[in-house]
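This report concerns only the one structure given below.
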There are 2 protein chains.
Amino acid sequence: MIKCPKCLQIDFVQKAGITRGKQRYFCKDCDYHFTLPTPSATTENKRHHQVTIMDIAHQLGISKSTVSRALRGHSDIHEGTRKMILDLAQQLEYQPNPLANALLKSRTNIVGILVPEFRHYFFPTMIMGAQEVLSKAGYNVMICQSDESYETEMANVKALMSSRVDGLLVSVTAQTNNFDHFRAVLRKEVPMVFFNRVCPELETPQVIVDDYEGAFQAVEHLIKQGYRRIAHLAGPNSLLVSRLRLNGYRDALQKHGLPLDPDLIIHYDLSEEKARIYANYLLSLPQPPDAIFAINDPTAIEIMLVAKSRGVKIPQELGIVGFSNDPVSAIIEPSLTTIEQPVWEMGRQAAKLLLEQMEHPHNVIHTLPTRLIIRNSSVNLSP
Amino acid sequence: MIKCPKCLQIDFVQKAGITRGKQRYFCKDCDYHFTLPTPSATTENKRHHQVTIMDIAHQLGISKSTVSRALRGHSDIHEGTRKMILDLAQQLEYQPNPLANALLKSRTNIVGILVPEFRHYFFPTMIMGAQEVLSKAGYNVMICQSDESYETEMANVKALMSSRVDGLLVSVTAQTNNFDHFRAVLRKEVPMVFFNRVCPELETPQVIVDDYEGAFQAVEHLIKQGYRRIAHLAGPNSLLVSRLRLNGYRDALQKHGLPLDPDLIIHYDLSEEKARIYANYLLSLPQPPDAIFAINDPTAIEIMLVAKSRGVKIPQELGIVGFSNDPVSAIIEPSLTTIEQPVWEMGRQAAKLLLEQMEHPHNVIHTLPTRLIIRNSSVNLSP
DNA sequence: AAAACTATCGGGAACTTTCCCGAAACTGAT
DNA sequence: ATCAGTTTCGGGAAAGTTCCCGATAGTTTT
């Protein structure tokens, strides 16, 4: 029968229930509960595991502490031992496990980047700028795109936070009106920097360009070219960029004594379809505009395509100016007048700011300059 | 003087060296070494730490195991206790620490994506496709770009591996001739899937499109349009796509009895500058080509810009066909004839393949179809 | 009422690394 | 030889989870 592992007797052993499908026994003599050892576990199929600090220590017959010291470049170690360890580590292709380190220090060395999209020129370039300084500082990057959806943005913030990123670089969606998910980030004291699509009501650093000045120059340029009825296809009001560029547009009109026609200002959600719809709407107005200042280049390009398809001549019948100097704007015909902004540099600045934040938090706003690039879409030949 | 903490006597205590700036003592009576306890450590500045499973357990007066079971949806738990735990977890905004889990299971739930660049349409779109299926499967994504540099690619592979990604999605650079860094990945048994810019000599799954067929159709289309002297601005020979598209080009010429002029085939490194240089070179040949088939759309667009700047009329004097249906190709004038490939779908397929790999490794090659899109850049009006 | 069982729960190991501190083996000085 | 100091190393705790297994209390069967 069943032998008690304690007293090696079988007389006093009786069944004592089943746990997880396994029979348990009880020895009345020893007052001892036990189960039979599982017959498996003989395979010894120790997972093909990465080589650890302990492997090195064992092979060298020393302690893990010493190996750690050697690897970390610590001082309390004999030069010979260090060399020995370093050699073996290289030979075994030892790679430190960042997970253990992260768990210990509760720092992942990962920063999250959250952007609305990266199909166009703007955000990829910005990300590249940020990645340049971050990877130099030893950080990896986790990129999420919210696809201009508020829900996706929230989900991404949550995912990034649960991944325990050390910091966050974010540009909000056109939909975002509620910023509670970002407040949650700040509550957990995770450093965060906004860029381009910022969030002024939150006490956190931001990197933007001089949107007001850029818009002002753009519209003034149109006015100087003789355009008089200038529309503005603007972004949603929730975005600070939209508001700033709208202000630049307004003030430029005002400065030159042009009336501000509310019908010529359209806020939209930055989607391609809506851009086309509103472009068509503007051009089919009883009194259509003779120029349009678009919130950004993709929008301007959509407008151009619509105008062309309607046979509206650019720049003679319709002047167009965009914003951000997307490479496509130089390729398209006629080439698109636009506002250049230092996109790569914005990414760099944002990353630098984030690194500073991780050292010691403080609140700053970086504003970078813009520059008007005059091309053909706005040079009115017959004013 | 100094009192021995063991016998509480001071008579037998004497100095016994200094370690890390701290005086040590020795009690001859007790044969006991000791140092004075540091006066600090009174601040109790326990780092603002995230709420853990232990916090919940303590507050509820239960064990961490029980909490873990409740959170993980295990069975061995009372319904009431589970509810209690779940409620408190929600109230405390508990988020499981993925680091601990990753360390335990040695799985990070992160996959690395390595692409040559993401400035253009192609790779961002592919990444989005991949991200769609990966995030649905609970994986986060770490994106690296090698910037068409072999060294950067190696560094990125190393970084991704040291981050302990669970899998790798990669598209190699135009420079990559040596694949040892990828062999190292396979040696460590980290699943890897190549897409687009694949590596046929490695035993690992790949996702490509039917490059040969696409190229063949493109060139045949040009021939049918009456073009006779068709050049090919090809990618580097190290890339399988380059070789396949070159073969398609060759066979199309051969099928229609056109001579294969080696001078009209140029391999280049896919950089913008070189594209311009070679486009100029081709167009200034004593016997310039009357059409060019470009390895991809960005290349074709560069060629168009060069041709335009030289006053070469497209498509009358020069037909152009690209590859990959970049959105810009529809915008540019004349619009660019190109080969459509299911980019988003490639990303999805690659990700799916990777997920399968992580389950049980096997070697497959997915080839997706292409489709010719005829636009204006190649429709010869006066053949 | 003893025997066998079920439903819950707790305790510890393990994952890998770093850090703190104690300890041994030396080197000089007295 | 004794004492003080230096150099080098080892042991253990900690980080947050999950998993394995043993251990109760209560319930049903014999």
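Each chain gets a letter, A, B and so on, in the order the sequences are listed, and its residues count up from 1.
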From OH of A:Y25 across to C1' of D:dC21 the rounded distance in Å is 16 Å

note: B:R107, atom CZ; D:dT18, atom P; distance rounded to Å ~ 14 Å

Within residues 62-81 of chain A, the residues having a heavy atom closer than 4.0 Å to DNA chain D are A:I62, A:S63, A:K64, A:S65, A:T66, A:R69, A:D76, A:I77, A:H78, A:T81

If we count only N and O atoms by modelled type, under 3.5 Å, do the side chains of A:S68 and A:S65 hold a donor and an acceptor together? no

### Task
Begin with the C-alpha distance, continue with both residues' side-chain angles, and end with the deciding distance and a verdict on side chain to side chain donor-acceptor pair (under 3.5 Å) for B:S163 and A:N140.
CA-CA 8 Å; B:S163 287; A:N140 282 106; 3.3 Å; yes

For residues 92-104 of chain B, the side-chain hydrogen bond (donor to acceptor under 3.5 Å, both in side chains) pairs (sequence neighbours left out) are B:N101-B:K105

Answer yes or no: does a side-chain N or O of A:T35 lie under 4.0 Å from OP1 or OP2 of D:dC21?
no

Sorted by chain and number, sequence neighbours left out, salt bridge (charged side-chain N to carboxylate O under 4.0 Å, His left out) with A:R348 holds for A:E132, A:E345

Residues 50-69 of chain B vs salt bridge (Lys or Arg N to Asp or Glu O under 4.0 Å), sequence neighbours excluded, gives none

Given the options A:L134, A:I110, A:T108, A:V165, A:Y139 meets side chain to side chain contact (heavy atoms under 4.5 Å, CB included) only with A:L134

Ranking A:G61 and A:R164 by the position along DNA chain D of their nearest nucleotide, the one closer to 5' is A:G61

Check: B:F182 and B:V172 side chains under 4.5 Å, non-hydrogen atoms: yes

| query | Is there a side-chain contact between A:I62 and A:I85, using heavy atoms and a 4.5 Å cut-off? | reply | yes

Check your understanding: Has the side chain of B:Q131 got a donor or acceptor atom that lies under 3.5 Å from a matching backbone atom of A:I143?
Key -> yes

Could you pull out every donor-acceptor pair under 3.5 Å between side chains of residues 351-358 of chain A and any protein atom, sequence neighbours left out?
from   : atom 1 : to     : atom 2 : distance (Å)
A:E356 : OE1    : A:H362 : NE2    : 3.3
A:Q357 : NE2    : A:H362 : O      : 2.3

* Looking only at side-chain N and O atoms, does B:Q14 come under 4.0 Å of OP1 or OP2 in D:dT2? -> no

From CD of A:Q50 across to C1' of C:dT17 the rounded distance in Å is 15 Å

Closer than 3.5 angstrom, by distance alone: can the side chain of B:T204 be matched with the main-chain N or O of B:M192 as a donor-acceptor pair? yes

Between CG of A:N109 and C1' of C:dT17 the distance, given in whole Å, is 14 Å

Taken in chain and number order and not counting sequence neighbours, the residues that satisfy salt bridge (charged side-chain N to carboxylate O under 4.0 Å, His left out) with B:E79 are B:R82

So, with a heavy-atom separation below 4.0 Å from DNA chain C, the residues of residues 94-104 of chain B are B:L103, B:L104

Within the sub-3.5 Å range, which N or O atoms of nucleotides 27-30 of chain D have a protein N or O partner, and how far apart are they?
none

Heavy-atom nearest pair, A:P98 first then A:P96, reads CD-O, 3.1 Å

Here the distance between atom P of D:dA15 and atom CE of B:M54, to the nearest Å, is 9 Å

To the nearest 10 degrees, the angle between the two end axes of the helix from C:dA1-D:dT30 to C:dT30-D:dA1 (five pairs per end) comes to 60°

From CD1 of A:I53 across to P of D:dG11 the rounded distance in Å is 14 Å

Which pairs, protein N/O on one side and nucleotides 23-30 of chain C N/O on the other, fall under 3.5 Å?
none

Sorted by chain and residue number, the salt bridge (charged side-chain N to carboxylate O under 4.0 Å, His left out) partners of B:D87 (sequence neighbours excluded) come out as none

_OP1 or OP2 of C:dC5 versus the side-chain N and O atoms of A:Q23: is any pair under 4.0 Å?_
yes

Contacts of A:R72 meeting salt bridge (charged side-chain N to carboxylate O under 4.0 Å, His left out) (sequence neighbours excluded), chain-then-number -> none

Whole-Å distance, A:K22 NZ to C:dT6 P, equals 16 Å

Looking only at C:dT17, C:dT6, D:dC3, the nucleotide nearest the B:K28 side chain is D:dC3

**Q.** Short side-chain to backbone donor-acceptor contact, A:S171 and A:F195, under 3.5 Å
**A.** yes

Rounded to whole Å, CZ of A:F12 lies from C1' of C:dA2 at a distance of 16 Å

Smallest heavy-atom separation, A:N109 atom then A:G138 atom, equals ND2-O, 3.3 Å

